[in-house]
> 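Questions regarding the structure given below will be posed in turn.
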Amino acid sequence: MPELPEVETVRKTLEPLLINHKITNIRIFLNKIVKNPDILTFKSKIVGQTIHKVERKAKLIIFVLDDDVLLSHLRMEGKYYYQKKDEKINWKHVLLVLDLDNDYQLRYHDTRRFGTFHLQNKKTYQSLKPYTNIGPEPWNELVTVNYLKEKWNNKKQKVKTALLDQNIISGLGNIYADEVLFAAKVHPETPVNKLSSEDLNAIISNAIKILKLSIELGGSTIATYTSSLGIKGTFQNHLQVHTRVNQPCFICQNIIKKIKVNNRGTYFCSYCQTKK
DNA sequence: GTGACCACCTGGCCGC
DNA sequence: TGCGGCCAGGTGGTCA
């Protein structure tokens with residue numbers, strides 16, 4: 001599933017292919033993926049606009065057009081394919097197709113059909129959802145020990161759950177939250193108000209380190225996820241705990257455990273990551 | 001206001 | 001072989 005590094009890989013792959021190309025037609029095969037505006041307005045507004053940039057905020061891809069922005073969230077299994085208009089594919093899971101002013105199409109493919117699209121005005125989208133639901137990324141200067149203390153001081157939420165809350169720190173999903181907590185030596189069920197300054201500092205610094213390394217390596221290719229054009233990341237070869245249940249910890253050789261934290265599969269080493 | 005839980009959705013896997 | 005049930009997980013909504 002795409003998390004921040006995988007989405008960045010998709011963005012980097014798509015941008016050079018799409019820049020300065022006009023959208024000449026759009027087909028939507030599942031109306032519910034368009035969250036706003038309504039389908040007719042969405043279609044009529046997007047056709048004729050040129051793609052000027054492909055940006056990203058956390059896991060949200062932002063196609064910057066003439067007047068509007070197209071905000072795309074891949075959720076669990078969304079993928080983009082840039083293919084010739086006459087290239088045959090299995091259309092079963094293609095939910096949206098943008099025709100471009102060349103021989104190519106941008107095809108959005110999503111087997112679980114969780115992905116979402118918003119078309120919003122370029123001048124105002126930064127003050128609207130879903131953009132406003134996304135907090136700063138870990139390397140943003142706003143993310144400091146004091147920032148997390150302020151956000152988490154009176155909360156008893158488990159740190160694993162808190163790291164998945166995109167309002168506080170954005171970009172971490174289930175895989176990277178496990179990896180960050182292992183690197184920071186913090187048990188995933190630790191209440192956030194029990195975290196010390198050292199814990200918070202370790203969480204921030206390891207989130208930056210791990211996400212940046214994963215971006216360099218093209219993200220993780222786990223189970224069903226590959227980026228557009230079939231590019232595969234290699235960060236999964238660096239995973240310390242995620243998916244490694246019943247295997248020895250690379251640090252202490254204890255067995256990696258798997259538990260559910262708020263119904264999310266969570267991998268950790270009970271020796272390296274002690275409970276407080 | 002907070003935290004836990006559920007729905008969305010489909011493919012893969014496992015046990016019978 | 002085929003079927004049923006479970007699991008995976010990002011996000012938004014609901015409920016206690």
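Every chain is numbered from 1, with letters handed out A, B, ... down the list of sequences. None of the values given here were measured: they were computed from a predicted structure.
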> Take the protein atom CG of Asp165(A) and the nucleotide atom C1' of dT2(B), then report the distance between them rounded to whole Å.
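For the pair Asp165(A) CG and dT2(B) C1', the rounded distance is 12 Å.
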> Run the salt bridge (Lys or Arg N to Asp or Glu O under 4.0 Å) check on Glu15(A) and Arg11(A) step by step: do they pass?
CA-CA 6 Å; Glu15(A) 188 170 58; Arg11(A) 188 202 69 77; 3.3 Å; yes
> Would you find a donor on one side and an acceptor on the other, under 3.5 Å apart, between the side chain of Thr124(A) and the backbone of Gln120(A)?
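Checking the backbone N and O of Gln120(A) against the side chain of Thr124(A), no donor-acceptor pair under 3.5 Å is found.
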> Rounded to whole angstrom units, what separation is found between the NZ atom of Lys79(A) and the P atom of dG9(C)?
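Going from Lys79(A) (NZ) to dG9(C) (P), I get 15 Å.
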> Between P on dC9(B) and CZ on Phe29(A), what's the gap in Å once rounded to a whole number?
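In whole Å, dC9(B) P lies 19 Å from Phe29(A) CZ.
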> Could you give the side-chain donor-acceptor pairs of residues 182-189 of chain A under 3.5 Å, partners two or more places apart or in another chain?
{"from": "His187(A)", "atom 1": "ND1", "to": "Glu189(A)", "atom 2": "N", "distance (Å)": "3.0"}
{"from": "Glu189(A)", "atom 1": "OE1", "to": "Lys275(A)", "atom 2": "NZ", "distance (Å)": "3.1"}

> List for me each residue that meets side chain to side chain donor-acceptor pair (under 3.5 Å) alongside Asp165(A), sequence neighbours excluded, and say none if there are none.
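In terms of side chain to side chain donor-acceptor pair (under 3.5 Å), with neighbours along the sequence ignored, Asp165(A) is linked to Asn167(A).
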> What's the CG-P distance between Asn174(A) and dG9(C), to the nearest Å?
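From Asn174(A) CG to dG9(C) P: 5 Å.
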> Using atom CE of Met76(A) as one end and atom P of dG10(C) as the other, report the distance to the nearest whole Å.
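Answer to the nearest Å: 5 Å.
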> Can you check the Phe114(A) CZ to dG11(B) C1' distance for me, whole Å?
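Atom CZ in Phe114(A) sits about 12 Å away from atom C1' in dG11(B).
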> If the cut-off is 4.0 Å, is His118(A) near the phosphate of dT11(C), judged by side-chain N/O to OP1 or OP2?
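For dT11(C), neither OP1 nor OP2 has a side-chain N or O of His118(A) closer than 4.0 Å.
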> Do Asp68(A) and Gln49(A) have side-chain N/O donor and acceptor atoms under 3.5 Å apart?
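Indeed, the side chains of Asp68(A) and Gln49(A) share at least one donor-acceptor pair under 3.5 Å.
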> Side-chain donor-acceptor pairs under 3.5 Å in residues 21-34 of chain A, sequence neighbours left out?
{"from": "His21(A)", "atom 1": "ND1", "to": "Asp101(A)", "atom 2": "OD1", "distance (Å)": "2.8"}
{"from": "Thr24(A)", "atom 1": "OG1", "to": "Asp99(A)", "atom 2": "O", "distance (Å)": "3.3"}
{"from": "Lys32(A)", "atom 1": "NZ", "to": "Arg113(A)", "atom 2": "O", "distance (Å)": "3.3"}

> In residues 134-141 of chain A, what donor-acceptor pairs under 3.5 Å come from side-chain atoms, sequence neighbours left out?
{"from": "Glu137(A)", "atom 1": "OE1", "to": "Trp139(A)", "atom 2": "NE1", "distance (Å)": "3.0"}
{"from": "Glu137(A)", "atom 1": "OE2", "to": "Arg56(A)", "atom 2": "NH1", "distance (Å)": "2.8"}
{"from": "Glu137(A)", "atom 1": "OE2", "to": "Ala58(A)", "atom 2": "N", "distance (Å)": "2.7"}
{"from": "Asn140(A)", "atom 1": "OD1", "to": "Leu142(A)", "atom 2": "N", "distance (Å)": "2.8"}

> Side chain of Arg264(A), base of dT11(C): donor and acceptor closer than 3.5 Å?
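In this structure, the two groups form a donor-acceptor pair.
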> Whole angstroms only, please: what is the CD-C1' distance between Gln166(A) and dG13(C)?
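Taking atom C1' of dG13(C) as the reference, CD of Gln166(A) is at 17 Å.
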> Indicate, with a heavy-atom threshold strictly under 4.0 Å, whether Asp110(A) touches base, sugar-phosphate, or nothing.
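It contacts nothing in the nucleic acid.
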> Of all the choices, dG10(C), dC5(B), dC9(B), which nucleotide is nearest to the side chain of Lys32(A) once you look at every atom?
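Shortest atom-to-atom distance from the side chain points to dC9(B).
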> Side chain to side chain donor-acceptor pair (under 3.5 Å) with Asp38(A): which residues, sequence neighbours excluded?
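With neighbours one apart ignored, the set is Thr41(A).
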> Which residues pass the ring-ring contact (aromatic ring centres under 6.0 Å, His included) test with Tyr125(A), not counting sequence neighbours?
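Only Tyr131(A) meet the ring-ring contact (aromatic ring centres under 6.0 Å, His included) criterion with Tyr125(A).
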> With the threshold set at under 4.0 Å for non-hydrogen atoms, list the residues of residues 148-162 of chain A touching DNA chain C in residue-number order.
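Residues of residues 148-162 of chain A under 4.0 Å from DNA chain C: none.
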> Strictly under 3.5 Å: I want the nitrogen or oxygen pairs between protein and nucleotides 4-7 of chain C, one per line.
none

> Can you list every pair that meets ring-ring contact (aromatic ring centres under 6.0 Å, His included) and has a residue in residues 34-74 of chain A, with sequence neighbours left out?
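Matches after skipping sequence neighbours: Phe63(A)-Tyr80(A).
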> Would you please name every residue forming a ring-ring contact (aromatic ring centres under 6.0 Å, His included) with His109(A), sequence neighbours left out?
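Counting only residues at least two positions away or on another chain, His109(A) forms a ring-ring contact (aromatic ring centres under 6.0 Å, His included) with Tyr81(A), His93(A).
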> Rounded to the nearest Å, what distance is computed from the NZ atom of residue Lys57(A) to the P atom of nucleotide dT11(C)?
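Lys57(A) atom NZ is separated from dT11(C) atom P by 13 Å.
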> Quick one: is His93(A) getting a side-chain N or O under 4.0 Å of the dC9(B) phosphate, OP1 or OP2?
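No.
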> Using rotation axes that map the C1' atoms of four end pairs onto the next four (five pairs an end), what angle separates the end axes of the helix from dT2(B)-dA16(C) to dC16(B)-dG2(C), to 10°?
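That helix gives 60° between its end axes.
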> Tell me, please, which residues at least two apart from Phe114(A) pass ring-ring contact (aromatic ring centres under 6.0 Å, His included).
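With neighbours one apart ignored, the set is empty.
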> On DNA chain C, nearest-nucleotide positions of Asn167(A) versus Asn263(A): which is more 5'?
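Nearest-nucleotide comparison on DNA chain C picks Asn263(A).
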> Is there a donor on the side chain of Arg112(A) or the base of dG9(C) sitting less than 3.5 Å from an acceptor on the other?
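Indeed, a donor on one side and an acceptor on the other fall under 3.5 Å apart.
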